[in-house]
Amino acid sequence: MIIKPKVRGFVCVTAHPEGCAAHVQEWIDHIKSKGAIAPGPKKVLVIGSSTGYGLASRIAATFGSGAATLGIFFERPSEEGRPATPGWYNTIAFTRAARAAGLYAKNLNGDAFSADMKRQALDLIRADLGKVDLVVYSLASPRRTHPQTGVVHKSCLKPVGVSYTNKTVDTDKGIVSTVTIDPATGQEIADTVAVMGGEDWEMWMNALAEARLLAPGAQSVAYSYLGPDVTWPIYKNGTIGLAKNDLERAGRNIDSLLKLNGGGRAFISVNKALVTQASSAIPVVPLYISILYKLMKAAGTHEGCIEQIQRLFATQMYAGHTPQFDEAGRARVDDWEMRPAIQAAVREIWPRVTTENLAVETDIAGYRSEFLKLFGFGLAGVNYDAETEPHLPML
Ligand code: NAD
């Protein structure tokens, strides 16, 4: 099958297996180029391991620290005439590379919110790893079936209290327009907290603790975002921000649990805004990211997921370091994004961006190429005109 990108709004409905493998290899090469993260994690559970920050965490642990990893994700395999989702191909490429390096890598594809998936993961850890010393919680999901009530909660990205009007960009068509988003209802807020809040992270950690599968001193980290005030109504103060507050609440409970388990810790790392499948669905944010990329590339401080997680592991979590927490107890690798000079420049550019000057005032080209790369398109050395095999079995 010859696979080309098919972009529909903020998703691409195709993915290229060899392109995804080349993308994974770029991330592996980055970690190797930075040298060993030592001492680092050795037995790692990554929940949400197939794309974005979770995949970067898995690669950093494996190729920076020689860790054995169990990855959990929810991806669709190929079907007749249709390639699999990128996380499927990423995981196969990652697993091949890890095993070729002599390292343990196993995968569970399914719903991480379910009791059954937790049972499967616990069984595999008990049988193969004994205990884990790091749990990375990096899920981004539009819905969650609650394992106890069976209720399906759907998350939404809306402001809270008042409606919000701002600029946004259709990244596919390159059109800047004004969008107004009505405030979430109480039910929508509660549902978003149920999906993207911290209850499931706590369920995972409690299950691991009860099964005695946490090594003494084990750490756990989950990821969040704060960003600048231009995005606050839709992010920090919106439904997703309330869910992230709940993630922080859960983090404090898990931290207490891990402290009693040989002096471990749990915390939130606030990461940089980046093009991922999750962030491209948020109104307003892609325009902000396009401006941010231009400014951070010019300043020489631009990073992607892999650079962010390499910095988190090597300068805050491992290699003899401890996290430099902010006043709310969060690690910050969004520090370069939030530098005053960068944010002052965003505020200056924001009001004058239009459809006509989008290509000049922002790095929309960089946004688009990063977006396509998520699906394995635009990678050097891949022949996109050649036949490729889309039906690859999970390893
Ligand atoms: P992503 O969409 O790239 O990855 C999400 C992962 O979750 C994938 O591995 C997917 O398979 C998995 N997943 C989704 N639903 C699942 C389910 N039911 N069961 C099992 N696995 C499931 O997202 P991302 O942007 O890397 O986000 C990860 C975390 O990082 C989120 O908490 C997000 O809020 C946070 N974050 C993202 C950004 C950003 O700009 N992208 C910035 C800061 C923090």
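Numbering of ligands and ligand atoms starts at 1, following listing order.
The shortest N or O to N or O distance between Arg143 and ligand 1 is not under 3.5 Å. At under 3.5 Å, not a single nitrogen or oxygen of Gln277, backbone or side chain, sits near a nitrogen or oxygen of ligand 1. Checked by distance only, ligand 1 and Phe74 come closer than 3.5 Å through their nitrogen or oxygen atoms. Considering backbone and side-chain N/O of Gly110, one or more are found under 3.5 Å from N/O of ligand 1. For ligand 1, the polar-atom distance check finds no N/O of Ser224 at less than 3.5 Å from any of the ligand's N/O atoms. For a threshold of 3.5 Å applied to N or O pairs, the pair formed by Thr51 and ligand 1 contains at least one separation below that value.
Between Asp255 and Lys259 a salt bridge is recorded (basic side-chain N to carboxylate O distance below 4.0 Å). Checked for salt-bridge contact, Glu202 and Arg252 miss the test: no charged N lies under 4.0 Å from a carboxylate O. A salt bridge links Lys118 to Asp200: at least one charged side-chain nitrogen sits closer than 4.0 Å to a carboxylate oxygen. Lys32 and Asp29 are not joined by a salt bridge, as no carboxylate oxygen comes within less than 4.0 angstrom of a charged side-chain nitrogen. Look at Arg332 and Asp335 and you find no salt bridge, because none of the NZ, NE, NH1 or NH2 atoms lies under 4.0 Å from a carboxylate O. By the 4.0 Å N-to-carboxylate-O rule, Glu188 lies too far from Lys154 to be salt-bridged with it.
Proximity to Glu75 (heavy-atom distance under 4.0 Å) selects the following atoms of ligand 1: 10 (C), 11 (O). Atoms of ligand 1 lying under 4.0 Å from any heavy atom of Asp111, numbered from 1 in the order shown and given with element: 17 (C), 18 (N), 19 (N). Listed by number with element, the atoms of ligand 1 under 4.0 Å from a non-hydrogen atom of Phe113 are 18 (N). Applying the 4.0 Å criterion to heavy atoms of Leu274 picks out, from ligand 1, the atoms 39 (C), 40 (O), 41 (N). Applying the 4.0 Å criterion to heavy atoms of Ser50 picks out, from ligand 1, the atoms 8 (C), 9 (O), 10 (C), 11 (O). Residue Ser49 has at least one heavy-atom neighbour below 4.0 Å for each of these atoms of ligand 1: 9 (O). Shown in contact with Lys244 at under 4.0 Å from a heavy atom are these atoms of ligand 1, numbered in order with element: 31 (C), 32 (O), 33 (C), 34 (O). The contact set between ligand 1 and Gly48, taken as ligand atoms under 4.0 Å from a residue heavy atom, comprises 6 (C), 7 (O), 9 (O), 12 (C).
For the pairing with Val135, the side-chain contact (heavy atoms from CB on, under 4.5 Å) check across Val44, Leu214, Val221 returns one residue only, Leu214. Residue Arg311 forms a side-chain contact (heavy atoms from CB on, under 4.5 Å) with just one option from Glu303, Gln316, Lys272, and that option is Glu303.
Among all non-hydrogen protein atoms, the one lying nearest atom 30 (O) of ligand 1 is Tyr223 CB, 3.5 Å. In this structure, the protein non-hydrogen atom closest to atom 28 (C) of ligand 1 is Ser138 OG, 3.2 Å. Of all protein heavy atoms, the one lying nearest to atom 42 (C) of ligand 1 is Lys272 O, 3.2 Å. Nearest protein neighbour of atom 13 (N) of ligand 1, counting heavy atoms only, is Leu139 CD2, 3.7 Å. Ranking protein heavy atoms by distance to atom 15 (N) of ligand 1, first place goes to Ser141 CB, 3.4 Å. When hydrogens are left out, the protein atom nearest atom 38 (C) of ligand 1 is Tyr53 CE1, 3.5 Å; that is the closest non-hydrogen contact.
The heavy atom nearest to atom 19 (N) of ligand 1, considering only Pro86, Ala140, Ala112, Ala278, is found in Ala112.
The minimum heavy-atom distance between Ala209 and Leu257, with the atom names listed, is CB-CD2, 4.0 Å.
Taking the side chain as every heavy atom from C-beta outward, Glu337 and Gln343 approach each other to under 4.5 Å.
Ligand 1 does not have Gly87 within reach: every non-hydrogen atom of the residue lies 4.0 Å or more from it. Heavy-atom separations between Met117 and ligand 1 are all 4.0 Å or longer.
The aromatic rings of Tyr53 and Tyr223 sit tilted relative to each other, their planes meeting at an angle between 30° and 60°.
Checking Asn107 against Thr95 by side-chain atom types alone, a donor-acceptor pair falls below 3.5 Å.
Of all the heavy atoms of Thr276, the ones lying under 4.0 Å from any atom of ligand 1 belong exclusively to the side chain. Contact annotation for Cys305 and ligand 1: no heavy atom of the residue comes within less than 4.0 Å of the ligand.
Listed for the Asp363 side chain is no donor-acceptor partner under 3.5 Å among the backbone atoms of Ser290.
Residue Lys34 qualifies as open at atom NZ: its count of foreign heavy atoms under 6.0 Å is 12 or below. Residue Arg212 qualifies as open at atom CZ: its count of foreign heavy atoms under 6.0 Å is 12 or below.
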